[in-house]
Amino acid sequence: MAAVSRRAFIAGGVAVGVGLAVGIPFAVGASGATSTGQQLVSRARLPRPFTQRLVVPPTLTPVLTGDVDRYEIVARTARARILPGLTTTIFGYNGIFPGPLIRSRSNHPIEVVYRNRLPVPIVTHLHGGHTPHDSDGYPTDYVYPEDMTYLRQHQEMSHETPMPAGDTTNGTRTYRYPLRQRAAMLWYHDHRMDFTGPSVWFGLAGAHIVNDDEEDALGLPDGAREIPLVLTDRAFNDDGSLLYPAVDRTLTTTPGVTGGFVAGVLGDVMLVNGVPWPVADVERASYRIRMLNACNARRLRLRLDPPPTDGIVQIGTEGGLLDAPLTYDAFELAPAQRLDAVVDFSRFAPGTEVTLYNDFGDGGMKNVMRFRVNSTSGPRYTVPSALSSVERLDPASATVTRRFRFQRGTVDHRSGWIIGNSPFSPSEVSASPRLGDVEIWELFADFHHPVHIHLDPFQVISRGINGPGAFDAGWKDTIDLVPGEQARIAVRFRDHVGRFVFHCHNLEHEDMAMMANFVTHA
Ligand code: C2O
Ligand code: CU
């Protein structure tokens, strides 16, 4: 008798009629030791680097403002122009990739109504959001497609037992975000059980910037001199469609990717805000550049060449402003991590081309984008030596130490990824933290695992026998663990009782079960 898969989604095998050609990639070697994953090879004609103009995602206008601002987003397929002369079918929030930029303010609640016009279920998570559990986008809280015939077909064709019921809805769902949190760049993305990797790869990701008074008082570069950069690697078929090595082209029934891609899916084209290796004109002025590594599996080591006089001045991280700026020649960013930086282009001669490189990439993947300094002079920003006051979580006050091993394992008789000894199951609870307590979480990694915890940020205490790493300052929501590494973090969940997840943010690892639940209690 065939055992019913624990991870089976209710769907049968209905073809997705949107022309998502998911081809079988050529296997190439893993990209050195810098990322855990395997790189796809595009078959489409790719543009020369630094020939396409950078665009910034449009800011979403609320449909209603008041005590609670309301936004609406329709998730739908759309034809995007990503490669010159070709069109690419994407899954797009409001039909674009990345999705529209949401700008909100601390302590001013918003709600976002998501409508699902895609042929697959969606689940939306506000990454970095301090969000009650029923709006956090739990992996089985499906929003089914609006088109109910799709759902009926699936139910009829299904030979599998439904998942333990989540908090599902048909067509639409309203997420409520109280935003009782500091200013920071968050992001929203799909979080569907078993299919987050392909859903994000096909386009379901966007940036969300929270501002607050403390940050406003710093007078940081803004307007056209604040540039959000959503970095994603992708690969393309010869017709311009996105290449992704999914086992199940319908992205509904059988999770997982083929062969060696179980390690993680790497693309061979770097997109910045959805544009391949773009170029942007900048004034001779200071800019605030906010970068998000939204790659499925690729780690980045970002460097500007020629370097600005002050280097890359980091002012913030996933959880908002640092207490003091830090300067770098290069900054490492694992999937889901963000860098908030001030870059001074004012000392470059007009016409200077400043290239953003990824030192962890090979070949074309060394390139990210280019800034071309024009002849207009703008304000130069002096970064204050004190930016904010960041509370330190005191490890000595911790009430409990928990240990989690992130490692390869067997999932449904196949190769996958697990935390401890168990693959993700919605019904298993791995930790029950009490709200307000400081806890130490000790994390071990066999390969590269960017570990992300929902609900509240944390602080890195140590890596092995050393202190925090060079890129660990401030409030983090994702820690970049390298093979064989052990790290200790201090975490405190402030409020919101309920069930949340933590997981590896290599999205193929996440889909192949490297996730676990914690349930907070008062
Ligand atoms: Cu960015 Cu649980 O995810
Ligand atoms: Cu991982």
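In what follows, residues are counted from 1 in the order of the sequence shown. Side-chain atoms are counted along with the backbone in the values below, which use heavy atoms only and exclude waters and symmetry mates.
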- Task: Check whether any side-chain heavy atom of Ile312 sits under 4.5 Å from a side-chain heavy atom of Asp329, and report yes or no.
- Result: no
- Does Tyr138 have Arg499 sitting over its ring (NZ/CZ under 6.0 Å from centre, angle to axis within 45°)? yes
- Give a yes or no on this: more than 12 heavy atoms of other residues, nucleotides or ligands lie within 6.0 Å of atom CG of Asn421. no
- Item | Evaluation steps, side-chain contact (heavy atoms from CB on, under 4.5 Å), between Tyr93 and Leu204 | CA-CA 6 Å; Tyr93 292 120; Leu204 295 180; 3.6 Å; yes
- Message: Evaluate Phe444 against Phe406 for ring-ring contact (aromatic ring centres under 6.0 Å, His included), listing each step before the verdict.
- Response: CA-CA 6 Å; Phe444 301 85; Phe406 290 72; 9.6 Å; no
- Message: For a quick check under 3.5 Å, do Arg298 and Thr232 share a side-chain donor-acceptor pair by atom type?
- Response: no
- Message: I want to check something: taking the side chain as every heavy atom from C-beta on, are Glu442 and Ile489 in contact at a cut-off of under 4.5 Å?
- Response: no
- Mind checking whether Thr520 and Leu455 have side chains closer than 4.5 Å, heavy atoms only? yes
- Message: Please check this pair: side chain of Asp194 against backbone of Gly256, looking for a donor-acceptor N/O pair closer than 3.5 Å.
- Response: no
- Start with the C-alpha distance between His452 and His503, add both sets of side-chain angles, then the distance that settles ring-ring contact (aromatic ring centres under 6.0 Å, His included), and finish with yes or no. CA-CA 6 Å; His452 169 51; His503 59 88; 5.4 Å; yes
- Taking only Lys NZ, Arg NE, NH1 and NH2, and the carboxylate oxygens of Asp or Glu, determine whether Arg492 and Glu391 approach each other closer than 4.0 Å. yes
- Query: Does a salt bridge link Arg288 with Asp340, judged by any charged N lying under 4.0 Å from a carboxylate O?
  - Reply: yes
- Item | Asp190 side chain to Val200 backbone, donor-acceptor under 3.5 Å | no
- Query: Side-chain contact, heavy-atom cut-off 4.5 Å: Pro468 with Ile461?
  - Reply: no
- So, do Phe493 and Phe518 have ring centers that fall under 6.0 Å from each other? yes
- Message: Check whether Trp201 forms a cation-pi arrangement with Arg234 (NZ or CZ under 6.0 Å from the six-membered ring centre, at most 45° off the ring normal).
- Response: yes
- How close do Ala183 and Ser106 get, heavy atom to heavy atom, and via which atoms? N-OG, 3.7 Å
- Task: Starting from the C-alpha separation in whole Å, work towards a yes-or-no answer on side-chain contact (heavy atoms from CB on, under 4.5 Å) for Val257 and Val265.
- Result: CA-CA 9 Å; Val257 288; Val265 176; 4.2 Å; yes
- Can you see which heavy atom on Ile122 is nearest to which on Asn116, and at what distance? N-ND2, 3.6 Å
- For Phe195, does its backbone N or O pair with a side-chain atom of Ser199 as donor and acceptor, under 3.5 Å? yes
- Please walk me through it: do Arg192 and Thr140 pass side chain to side chain donor-acceptor pair (under 3.5 Å)? CA-CA 7 Å; Arg192 175 165 54 114; Thr140 53; over 6 Å; no
- Do His130 and Asp495 have a side chain donor and acceptor closer than 3.5 Å? yes
- Message: For Glu508 and Asn296: C-alpha separation, side-chain torsions, deciding distance, then whether side chain to side chain donor-acceptor pair (under 3.5 Å) applies.
- Response: CA-CA 7 Å; Glu508 283 70 40; Asn296 281 32; 2.9 Å; yes
- Do the non-hydrogen side-chain atoms of Gln337 and Asp480 ever get within less than 4.5 Å of each other? yes
- Would the number of heavy atoms belonging to other residues, nucleotides or ligands and lying under 6.0 Å from CZ of Arg494 be above 12? yes
- Item | Trace of the ring-ring contact (aromatic ring centres under 6.0 Å, His included) decision for Phe404 with Trp441 | CA-CA 7 Å; Phe404 299 107; Trp441 288 22; 5.1 Å; yes
- Task: Spell out, as yes or no, whether a donor-acceptor pair under 3.5 Å connects the side chain of Asn358 to the backbone of Leu300.
- Result: no
- Query: Between Glu318 and Arg338, does at least one N-O distance fall below 4.0 Å, as a salt bridge requires?
  - Reply: no
- Answer with yes or no whether the side chains of His191 and His454 bring together a donor and an acceptor at under 3.5 Å. yes
- Message: Tell me whether the NZ or CZ atom of Arg408 lies within the 45° cone about the ring axis of Trp417 and under 6.0 Å from its centre.
- Response: yes
- Taking Asp248 for the side chain and Thr250 for the main chain, is one N or O donor matched with an acceptor at less than 3.5 Å? yes
- Query: Could Glu485 and Arg463 be called an ion pair, given the rule that one side-chain N must be under 4.0 Å from one carboxylate O?
  - Reply: yes
- Test item: side-chain donor near acceptor, Thr399 and Glu439, under 3.5 Å: no
- Item | Check: Phe97 ring centroid to Phe91 ring centroid under 6.0 Å | no
- Item | Any side-chain heavy-atom pair of Val429 and Ser432 under 4.5 Å | yes
- Message: Check whether Asp141 reaches the backbone of Asp167 with its side chain - one donor and one acceptor, N or O, closer than 3.5 Å.
- Response: yes
- Task: Establish, yes or no, whether a centroid distance under 6.0 Å links the rings of Trp187 and His208.
- Result: no
- What heavy-atom pair brings Arg290 and Ala184 nearest, and what distance separates the two atoms? NH2-C, 3.6 Å
- Query: Looking just at side-chain N and O atoms, do Ser42 and Asp268 make a donor-acceptor pair shorter than 3.5 Å?
  - Reply: yes
- Task: Scan side-chain atoms only and decide if His448 and Asn506 contain a donor-acceptor pair under the 3.5 Å cut-off.
- Result: no
- Tell me, please, whether Tyr175 has Arg173 positioned over its six-membered ring: NZ or CZ under 6.0 Å from the ring centre and within 45 degrees of its axis? yes
- Full working for salt bridge (charged side-chain N to carboxylate O under 4.0 Å, His left out) between Arg299 and Glu332: CA-CA 7 Å; Arg299 295 170 67 249; Glu332 294 178 14; 3.6 Å; yes
- Please step through side-chain contact (heavy atoms from CB on, under 4.5 Å) for the pair Tyr357 and Val368, ending with a clear verdict. CA-CA 5 Å; Tyr357 287 111; Val368 179; 5.8 Å; no
- Give me the ring orientation class for Tyr188 and Tyr114: parallel if the planes are under 30° apart, tilted from 30 to 60°, perpendicular past 60°. tilted
- Checking side-chain contact (heavy atoms from CB on, under 4.5 Å) for the pair Arg301/Thr34: CA distance, chi angles, key distance, verdict? CA-CA 9 Å; Arg301 185 170 199 272; Thr34 58; over 6 Å; no
- Decide yes or no for Asp394 and Val438: does some side-chain heavy atom of the first lie under 4.5 Å from some side-chain heavy atom of the second? no
- Item | Flag for His505-His449: side-chain donor and acceptor within less than 3.5 Å | no
- Pairwise side-chain contact, Leu46 with Pro276, heavy-atom cut-off 4.5 Å (strictly under): no
